[in-house]
Amino acid sequence: MNKKLFSNVLIASLILGACSTPSKEHVESVNPIQAEAAINDEGLYTAKGNVLSVTDGNTIKVKITSDQIAKSLSLSTGQVATIRLLGTLAPNVDDKSGIGAKATDFLQDFLDGEEVSLEIDPNHIKNKNGEYQAYISKGKNLIQSVLLQKGYATLTPLKNTANPYINTFKDMAKQAKEKNLSIWSIPGFVTQNNTFDNEAVVYWKNKGLHEAQKLLNKSGIDINLSGK
């Protein structure tokens, strides 16, 4: 093959190669449920769900209804998940103060059967018991803020993350404390660690009974409040 012919063949090959349709790269389809969910401005995963039941002032059961869930959350649309309120703590439903039961009743009336929005912190997806944790909103009402404002819950510190609602939470808790609402109505009930001391409830109940008994005795009324 002479040089001129070789040159013509080479040029023709280059032109044909440039004009040919490239083969399509295989792209694996991704189920929207398994795709990464968008992260909001606060750096939190978002999801929606319907409240199926309220366990207590700290925990609800939600049926996930989002079209898109973060893979790392191991959630899927239609799944029923136990969701713990992140950043707050209410007394146990059977605590001696009776406030835990009130907090539970409030959430049942306010949330049962309702659609809620979940905001999940990537650093606090689950607690040590394997329950999902989230900031929970019904419409424009952030549930944790409402509980704090009514004195049904106290703040819980979060490690390795910044609570985007911390200023609001602190303000709501301060208002409730100043008004001596619910958990703040019993001196010593909320500890320095923001947990609850049932011994304080017992102490003030006994003190109240003692003072009431003194008044009855002074009035000459023969009633024993101790039940003995």
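Atom CZ of Phe110 sits about 4.5 Å away from atom CD1 of Ile143, to the nearest 0.5 Å. A distance of 11.5 Å separates OG in Ser97 from NZ in Lys205, rounded to the nearest 0.5 Å. To the nearest 0.5 Å, atom OG1 of residue Thr46 and atom CG of residue Leu118 are 9.0 Å apart. In this structure, CD1 in Ile60 is found 11.0 Å from CD in Glu114, a value given to the nearest 0.5 Å. In this structure, CZ in Phe189 is found 11.0 Å from NZ in Lys96, a value given to the nearest 0.5 Å. The NZ atom of Lys150 sits 10.0 Å away from atom NZ of Lys179, with the distance rounded to the nearest 0.5 Å.
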Please lay out, stage by stage, how Asp95 and Phe196 fare under the test side-chain contact (heavy atoms from CB on, under 4.5 Å).
CA-CA 9 Å; Asp95 83 305; Phe196 305 103; 5.9 Å; no
Yes or no on side-chain contact (heavy atoms from CB on, under 4.5 Å) for Lys170 and Lys174, after CA distance, side-chain angles and deciding distance?
CA-CA 6 Å; Lys170 285 181 176 180; Lys174 181 181 178 182; over 6 Å; no
Between Phe169 and Leu142, does a side-chain contact (heavy atoms from CB on, under 4.5 Å) hold up when you go through it step by step?
CA-CA 10 Å; Phe169 284 6; Leu142 182 59; 3.5 Å; yes
Evaluate the criterion side-chain contact (heavy atoms from CB on, under 4.5 Å) for residue pair Leu85 and Leu147; output intermediate values, then yes/no.
CA-CA 10 Å; Leu85 276 71; Leu147 289 174; 3.5 Å; yes
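Side-chain atoms of Ser117 do not come within 3.5 Å of backbone N or O of Lys48 as any donor-acceptor pair. Judged by distance alone, with hydrogens and angles left aside, the side-chain atoms of Gln144 form a donor-acceptor pair with the main-chain N or O of Leu86 at under 3.5 Å.
Two residues are said to be in side-chain contact when any heavy atoms from C-beta on lie closer than 4.5 Å; Arg84 and Leu89 meet this criterion. A 4.5 Å side-chain heavy-atom check between Leu111 and Lys138 finds at least one atom pair inside the cut-off.
Below 30°, between 30° and 60°, or above 60°: for Phe106 and Tyr152 the angle between ring planes is between 30° and 60°, a tilted geometry.
Residues Val116 and Leu73 fall within the same hydrophobic cluster, defined by Ile, Leu, Val, Met, Phe, Trp and Tyr side chains chained together at heavy-atom separations under 4.5 Å. Tyr203 and Trp184 fall within the same hydrophobic cluster, where Ile, Leu, Val, Met, Phe, Trp and Tyr residues are linked whenever their side-chain heavy atoms come under 4.5 Å apart, directly or through other members. Hydrophobic clustering (side-chain heavy atoms under 4.5 Å, transitive across Ile, Leu, Val, Met, Phe, Trp, Tyr) keeps Leu148 apart from Leu181. Linking Ile, Leu, Val, Met, Phe, Trp and Tyr residues whenever their side-chain heavy atoms come within less than 4.5 Å leaves Val93 and Ile183 in two separate clusters.
Around NZ of Lys177, the count of heavy atoms belonging to other residues, nucleotides or ligands within 6.0 Å does not exceed 12.
In summary, of the residues considered (Val51, Thr59, Val54), a side-chain contact (heavy atoms from CB on, under 4.5 Å) with Leu107 occurs for Val54 alone.
A side-chain donor-acceptor contact under 3.5 Å links Glu131 and Asn127.
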